[in-house]
Amino acid sequence: MSRSRCKTAILISGSGSNLQSFIDRVAEGSINLDICAVFSNRQDAFGLERAQKAGIPTACIDHTAFDSREAFDRAAAAELDLYDPELLVLAGFMRILSPWFVRHYEGRILNIHPALLPLYPGLNTHQRAIDAGDTQHGTTVHFVTEELDGGPCILQGRLAIRRGESAEQLKDRIQAVEHQIYPTAAQLVADGDVTFRDGRAFRDGQPLDQPLLIDFPD
Ligand code: GRF
């Protein structure tokens, strides 16, 4: 991607703890992204306060004011494009994206999903992993395509599920992993070390058929 600091817009709908991890990593200098804007579809998203406190421009458009998904997405993109973002980071942005939006930013949208994709796309991932008797669980940073939670995977963080652990406890531990891996994965894309072409991810020009994986000790 760019040689200068990659202009990165972060899209949120809620708490924005992942957004905070990007803000903190930029502040400490361990990633080198220019967070050019934070966009929300909800005015009450706490992440907007986090952004304002960090001096990052914010924008909010209420999706309920639009007749169709694509109409909202076009308005969102018109707002986002004022900041000329090179990369879009979905961080708890609770909207399914229209094909138009995905194509508009093709290969430049990242998402983090709280499961070891392709396991457990969709919602309620922690409980589903526990109910299945899985011994491991994790979270995945992936490129966004038109298939929900189906784009090529970049980086996964994995940990062991503890005996008797609740979905809530597991969620907290998974979120701590997300805060470590998501900024790192975004930097790989910003630096051009990981790229997207024809629906696939590449690392240093080679197909990345298995995502990079970091195991987190208990
Ligand atoms: C994250 O846990 C992520 O897995 C999911 O949405 C959650 C957002 O949390 N996509 P936060 O708003 O970053 O705290």
Side-chain angles (χ1 to χ4, degrees), residues 8-27 31 33 35 37-54 56 58-61 63 76 87-97 101-102 105 108-130 134 136-159 161 165-187 189 211-214 216:
T8 304
I10 301 186
L11 282 66
I12 61 166
S13 297
S15 150
S17 69
N18 277 284
L19 162 65
Q20 189 67 54
S21 72
F22 277 80
I23 292 171
D24 293 346
R25 293 278 296 273
V26 169
I31 59 169
L33 304 174
I35 306 175
V38 169
F39 176 89
S40 174
N41 64 313
R42 294 181 56 117
Q43 190 62 57
D44 61 354
F46 180 59
L48 289 173
E49 288 180 40
R50 297 182 192 268
Q52 282 152 10
K53 201 168 161 203
I56 300 165
T58 59
C60 180
I61 299 178
H63 64 276
L87 187 64
L88 263 53
V89 166
L90 308 184
F93 186 59
M94 301 303 285
R95 298 280 308 159
I96 294 172
L97 301 173
F101 190 93
V102 174
Y105 297 107
R108 299 191 288 137
I109 312 176
L110 304 182
N111 184 41
I112 191 158
H113 179 75
L116 295 170
L117 290 171
L119 292 176
Y120 312 124
L123 298 174
N124 213 12
T125 57
H126 311 300
Q127 192 62 54
R128 286 158 71 198
I130 291 170
D134 293 354
Q136 294 183 311
H137 188 46
T139 184
T140 305
V141 181
H142 64 95
F143 285 109
V144 171
T145 60
E146 291 180 31
E147 186 187 347
L148 184 66
D149 300 328
C153 298
I154 300 169
L155 175 60
Q156 294 184 317
R158 184 169 67 180
L159 45 69
I161 299 177
E165 186 165 27
S166 70
E168 198 57 35
Q169 290 167 327
L170 188 52
K171 174 176 164 241
D172 288 347
R173 291 202 302 130
I174 291 291
Q175 278 218 320
V177 170
E178 291 185 338
H179 300 159
Q180 296 194 51
I181 71 165
Y182 203 2
T184 301
Q187 187 71 58
V189 176
L212 307 169
L213 176 66
I214 302 175
F216 286 79

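Both ligands and their constituent atoms are indexed starting at 1 by order of listing. This one's a predicted model, so the numbers in the text were calculated from it and none came from an experiment.
Side-chain contact of Ser17 with His179: a donor-acceptor pair under 3.5 Å is present, judged by distance alone. With 3.5 Å as the limit, one finds no donor-acceptor pair spanning the side chains of Glu178 and Ser21.
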Take Tyr105 and Leu97 through the test side-chain contact (heavy atoms from CB on, under 4.5 Å) and record every step on the way to the result.
CA-CA 11 Å; Tyr105 297 107; Leu97 301 173; over 6 Å; no
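Polar contact with ligand 1: present for Asn18 (N/O pair, distance under 3.5 Å). An N or O contact shorter than 3.5 Å links Gly16 to ligand 1 by distance. In terms of polar-atom proximity, Asn111 is not counted as a contact of ligand 1, lacking any N or O under 3.5 Å from an N or O of the ligand. For ligand 1, the polar-atom distance check finds an N/O of Gln175 within less than 3.5 Å of one of the ligand's N/O atoms.
The shortest contact between atom 14 (O) of ligand 1 and any protein heavy atom is with Ser17 OG, 2.5 Å. Closest to atom 4 (O) of ligand 1 among all protein heavy atoms lies Glu178 OE2, 2.5 Å. At the top of the distance list for atom 6 (O) of ligand 1, counting protein heavy atoms only, stands Gly92 CA, 3.5 Å.
Side chain of Thr8 to main chain of Ile35: no donor-acceptor pair is present (N/O by atom type, distance under 3.5 Å, no hydrogens or angles). Looking only at distances, no side-chain donor or acceptor of Arg50 sits under 3.5 Å from a matching main-chain atom of Leu19.
Between His126 and His137, a ring centre-to-centre spacing shorter than 6.0 Å is recorded.
At a 4.0 Å heavy-atom cut-off, ligand 1 does not touch Lys171 at all.
Sparse packing is recorded around CZ of Arg42, with 12 or fewer heavy atoms of other residues, nucleotides or ligands lying under 6.0 Å away.
Ligand 1 lies less than 4.0 angstrom from a heavy atom belonging to Ile112.
Close contacts of ligand 1 with Pro114, meaning ligand atoms under 4.0 Å from a residue heavy atom, involve 4 (O).
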